[in-house]
Amino acid sequence: MSVYPFKEIEEKWQALWQKERAFSARADSQKKKYYLLEMFPYPSGKIHMGHVRNYTIGDVASRFKWMQGYNVLHPMGFDAFGQPAENAAIKNKTQPGIWTHKCIEWMKIELKKMGFSYDWEREVSTCESSYYKWNQWIFLRMFEKGLAYKKASSVNWCPACETTLANEEVVDGGCWRCHTEVEQKDLEQWYLKITGYKEQLLEDLRQLTNWPQRVLAMQENWLGKSLGVEIYFRIKGQDKTIPVFTTRVDTIFGATYIVLAAEHPLVKELIGGSSQEKKVLKFIEKVSKESKAVRTSADVKKEGIFSGAFAVNPVNNEEVPIWVADYVLMEYGTGAIMAVPTHDQRDFLFAKEHGLPMRVVIESPVAGRRSPEKLTEAYEGDGIQVNSGQFDGLPNKEAKVKIAEWMEKAGIGKIQTHWRLRDWLISRQRYWGTPIPIIYCEKCGMLPVAYADLPVELPKEAPFTGKGGSPLAKVKEFVHVTCPKCSVPARRETDTMATFFDSSWYFLRFCSPQFADEPFDRREAKYWMPVDQYIGGIEHAILHLLYSRFFTKFFKDLGMVDFAEPFKRLLTQGMVLKDGEVMSKSRGNIVDPDLIIKKYGADTLRLFILFAAPPEMELEWDERGIEGAFKFLNRVWRLYESHEPEDVMKSRKKMHETIKEVTEDIENFKFNTAIASLMEFVNVIYQSGADEEIISSLIIMLSPFAPHFSEELWERMGNKERIYKTKWPEYDPKMLIEETVTIIIQVNGKVRSKIDIPSDMAEDKLKELALADEKLRPWIQGKPVKNLIVVPRKLVNIVI
RNA sequence: GCCGGGGUGUUGGAAUGGCAGACAAUGGGGACUUAAAAUCCCCCGCUCGUAAGAGCGUGAGGGUUCAACUCCCUCCCCCGGCACCA
């Protein structure tokens with residue numbers, strides 16, 4: 001088989017692009033900028049198909065924008081801090097820094113083999129002190145503003161990684177990295193007050209019209225804003241109230257008892273001296289030994305005990321018993337609930353178990369009025385208010401608002417907004433991360449490191465073992481400092497920052513990667529930002545994208561940027577599957593991109609991965625598809641070797657059509673159909689021949705997809721200028737106008753005939769022709785024509 | 001349960017409300033070849049039919065329309081996010 005010499009060609013052009021600094025970008029206010037960014041990788045040492053897909057999608061867009069005359073910023077770097085490097089270093093008895101640098105070098109080689117058009121002069125690695133210095137700088141600014149703070153609380157703890165985790169890093173109750181079940185631990189830790197931006201984070205989602213719906217939905221879910229009412233239940237015979245929180249204030253008239261969490265501080269006061277005291281205390285002790293998981297598990301029976309006290313429902317002054325139960329948790333809401341057994345399934349089960357009263361207050365439009373005794377489960381749906389005083393007869397959704405407003409006015413409740421979002425825990429008890437720039441002095445307390453003293457360098461060596469707390473705490477030279485205020489011996493903070501801190505602003509650093517005064521040069525950022533197109537995996541839909549949005553809003557408040565959202569458009573590419581499953585080491589179904597490059601070349605791999613599915617959809621790996629892409633490139637290669645200038649009118653027309661389609665498709669990231677159009681174009685050229693112009697346009701349009709291949713043919717055709725600098729072709733709209741068009745003729749919407757007519761034929765004439773069509777005779781003969789619809793240049797529908 | 005995205009040939013996937021299945025993969029046939037591979041050309045949704053052709057067909061059922069994969073309603077299934085959050 002004679003195949004084109006892809007190996008030589010690819011090596012040749014990769015070297016030339018590098019030598020010519022082909023894709024280095026410079027801010028230029030005269031030129032329209034385009035900032036194209038793909039999520040930078042963690043330097044594992046090897047690229048996988050997910051990277052190949054992500055970066056190929058970006059590369060096509062980048063090359064296309066260059067050719068359209070944009071000033072393109074297309075940088076690449078490495079998210080280089082993090083646990084895997086530390087674990088690998090432990091395993092291989094080396095230093096994470098050494099290991100990481102090696103990985104970066106290997107990875108760069110692989111990325112270069114793919115022919116990606118990066119501006120390598122802007123490369124950054126987050127593990128360099130020239131980068132993490134600015135993490136510390138940002139942290140200190142946040143500290144000044146009260147947005148970085150330390151507090152003791154119950155935190156997520158991964159016992160395998162021996163470190164804390166942010167809420168966003170807990171997936172299905174397990175560590176996002178190693179899936180070990182996460183425990184709760186009481187620790188004093190550093191937090192970032194992301195909740196200070198919750199309203200904006202939610203509000204600004206509406207600006208992000210070019211983000212995928214599902215990402216917006218996931219972020220909205222995560223922020224979790226819910227409207228509710230805090231209701232005050234007076235305790236009978238006492239001058240105290242119990243606040244409860246509800247999102248279903250429409251069911252308040254059905255609240256027949258209230259429940260306190262076992263840990264609720266009021267419990268002990270309520271039972272003091274009562275006959276119930278001993279029993280309740282015993283119950284509390286029992287509950288305190290149960291884990292949260294058991295208490296909130298759906299299949300474990302809810303246990304509880306009557307406190308002996310009563311409260312008064314403020315809407316109807318009804319006395320209701322106060323219970324203590326395990327299914328109510330102190331962490332949620334106020335640690336106390338109003339129980340509406342008819343309209344909340346948890347309360348229903350509890351009430352049945354303990355023989356508590358029930359009252360229906362919302363009538364289902366389907367089932368109608370039912371007595372509580374007949375209920376087999378709570379009705380949690382919508383309906384009409386009953387037994388609800390002046391609100392009877394209202395739809396519950398309406399009543400919800402009215403009741404809330406009425407209660408607030410009467411001073412018996414307060415409308416409240418609850419959020420799911422919690423502050424971001426950033427302390428990690430690991431070595432390979434940015435040191436938190438804080439000093440503790442026995443006299444002066446907690447002090448920030450002075451800006452002039454940044455960076456706080458991560459010591460080159462530390463006794464990291466993955467066990468036994470922060471490794472930095474064991475490095476004496478690191479820990480022991482003198483207090484910057486009073487000069488007595490003091491010690492440094494020894495936790496490091498979560499690595500998501502590093503990646504929350506790297507897109508800004510790329511604008512001015514060597515800038516030495518601040519994290520980024522404001523003027524450069526003003527020119528390049530926001531990112532016009534961001535591309536990455538859906539797995540970052542919450543974590544990284546939410547944190548980056550938060551940082552951007554913070555920079556805006558500091559006056560460092562003048563925009564609130566960092567990423568204008570977002571594309572989340574689908575995963576690469578093999579045999580219907582995600583490619584992963586543990587499944588053993590990985591296809592190594594390097595082997596494919598060796599066998600077929602990078603251009604073939606790029607072409608296949610773009611052709612096999614639209615970017616945002618899952619892609620099933622198919623070796624035969626690779627063959628197909630390879631065959632296509634060879635077919636184009638032979639075309640160049642032997643094209644004949646025959647009667648090329650047909651090919652020329654097709655050329656203009658193809659330019660239109662490919663241009664529009666690339667703009668809309670529909671690369672699979674863009675490639676399909678190019679294949680059609682080649683098929684037409686095989687039939688009808690081509691001249692220089694036609695071949696040139698084909699090669700140019702192919703170049704974002706298969707850049708080495710196209711560059712080579714372009715040169716062989718005698719062009720001096722590189723193809724990556726060539727102007728993207730434009731089509732002539734006149735060439736798209738057909739002289740004759742095929743008209744579909746339908747009878748009652750079914751295709752019965754087709755005719756070719758001059759495209760400028762008058763409508764009346766067309767109608768006449770259509771009605772006279774021989775093929776239609778059996779269908780319309782003897783039947784009156786009721787209606788005749790003509791869609792110009794497309795079809796005629798005869799309604800009979 | 002709530003929110004979001006999907007469901008089209010043997011397969012990956014195409015179709016501003018206007019010829020369903022572009023382009024490819026698989027399969028079949030032909031040309032070239034001593035032969036094979038490669039290459040070039042042709043065919044390829046299902047049913048009936050020698051054929052011409054007809055009927056059916058985009059998860060199911062309704063609706064709107066001259067015309068529905070596309071818009072509306074009800075339902076089923078798959079994927080993802082959130083969830084005993086009061």
Side-chain angles (χ1 to χ4, degrees), chain A residues 1-3 171 212-224 226 228-229 231 244-249 251 255 258-259 261 295-300 302 326-329 331-340 343-347 349-350 380-381 418-420 538-539 541-542 572 608 611-614 616-629 631-632 634-635 638 661 670 672-683 686-687 742-754 775 778 786-800:
Chain A
M1 178 168 91
S2 118
V3 297
V171 180
Q213 271 303 314
R214 59 174 172 161
V215 176
L216 295 175
M218 281 160 79
Q219 293 227 348
E220 197 175 330
N221 268 346
W222 190 261
L223 294 165
S226 62
V229 179
I231 304 169
V244 305
F245 177 76
T246 182
T247 54
R248 287 295 305 272
V249 74
T251 65
I258 69 174
V259 187
R295 286 176 64 175
T296 57
S297 143
D299 20 76
V300 177
K302 306 299 178 275
D326 58 354
Y327 78 101
V328 173
L329 301 175
E331 293 102 293
Y332 300 145
T334 60
I337 62 157
M338 65 171 203
V340 186
H343 303 293
D344 182 291
Q345 186 60 18
R346 295 161 289 175
D347 298 341
L349 292 174
F350 191 80
E380 295 180 335
H418 267 230
W419 294 79
R420 208 190 92 89
I538 187 72
E539 66 274 19
I542 295 169
T572 49
F608 163 71
F611 180 62
E616 64 281 359
M617 271 172 61
E618 286 180 340
L619 183 152
E620 176 69 30
W621 182 262
D622 180 6
E623 191 78 20
R624 288 184 309 235
I626 283 277
E627 298 263 6
K631 274 201 269 186
F632 173 68
N634 279 298
R635 193 165 150 88
R638 283 190 298 275
E661 282 163 12
K670 289 164 73 178
N672 56 330
T673 49
I675 293 167
S677 296
L678 289 173
M679 287 172 168
E680 280 185 62
F681 187 22
V682 170
N683 289 344
Y686 262 81
Q687 298 289 310
T742 303
I743 300 287
I744 307 301
I745 302 183
Q746 299 180 329
V747 178
N748 288 346
K750 281 194 193 284
V751 180
R752 296 302 180 190
S753 179
K754 295 174 191 182
K775 286 195 194 134
K786 270 200 226 156
N787 200 354
L788 199 62
I789 283 124
V790 178
V791 180
R793 302 161 49 75
K794 279 220 171 101
L795 96 174
V796 176
N797 189 8
I798 302 165
V799 188
I800 52 169

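Residue numbers begin at 1 in each chain, while the letters A, B, ... track the order of the sequences.
- Comparing B:G55 with B:U64, their P atoms sit 23 Å apart, to the nearest whole Å.
- Contact check, A:Arg420 against B:A83: a side-chain N or O comes under 4.0 Å of OP1 or OP2.
- Between A:Glu627 and A:Ile542, the one whose closest nucleotide on RNA chain B sits nearer the 5' end is A:Glu627.
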For this session: Dump the intermediate steps for side-chain contact (heavy atoms from CB on, under 4.5 Å) on A:Val215 and A:Thr572, then the final yes or no.
Result: CA-CA 9 Å; A:Val215 176; A:Thr572 49; 3.8 Å; yes

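- Annotation: of the two residues near RNA chain B, A:Met218 and A:Met338, the 5′-most nearest-nucleotide partner is A:Met218.
- Pairing of B:C23, defined by two Watson-Crick or G-U wobble distances under 3.5 Å, is identified with B:G12.
- Pair assignment for B:G61: B:C73, on the basis of Watson-Crick or G-U wobble contacts that are both within less than 3.5 Å.
- For B:U39, the paired base is B:A31 (Watson-Crick or G-U wobble, both distances below 3.5 Å).
- Checking B:G53 for Watson-Crick or G-U wobble geometry (two distances, each under 3.5 Å) identifies B:C48 as its partner.
- The same atom, P, is picked in B:A52 and in B:A35; the two are 33 Å apart, to the nearest Å.
- Using P as the reference atom, B:C32 and B:C41 are 16 Å apart when rounded to the nearest Å.
- Using P as the reference atom, B:C79 and B:U10 are 23 Å apart when rounded to the nearest Å.
- For the C1' atoms, the distance from B:U70 to B:U26 is 29 Å, rounded to whole Å.
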For nucleotides 55-58 of chain B, give me every protein contact, N/O to N/O, under 3.5 Å, one pair per line with atom names.
{"from": "B:G55", "atom 1": "OP1", "to": "A:Arg752", "atom 2": "NH2", "distance (Å)": "3.4"}
{"from": "B:G55", "atom 1": "OP2", "to": "A:Arg752", "atom 2": "NH1", "distance (Å)": "3.2"}

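- For A:Gln213, whose side chain is taken as the heavy atoms from C-beta onward, the closest listed nucleotide among B:C66, B:C82, B:G5 is B:G5.
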For this session: Produce a footprint string for nucleotides 10-23 of chain B: one letter per nucleotide, 5' end first; B if the base is under 4.0 Å from any protein heavy atom, S if only the sugar-phosphate is, - if neither.
Result: --BSSSB-BB--BB

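- Rounded to an integer number of Å, the gap from A:Arg214 CZ to B:C79 C1' is 9 Å.
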Exercise. Going through the checks in order, is the side-chain contact (heavy atoms from CB on, under 4.5 Å) test met by A:Asp347 and A:Ile337?
Worked result: CA-CA 10 Å; A:Asp347 298 341; A:Ile337 62 157; 3.5 Å; yes

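- The partner of B:G4 is B:C79, judged by Watson-Crick or G-U wobble contacts that both fall below 3.5 Å.
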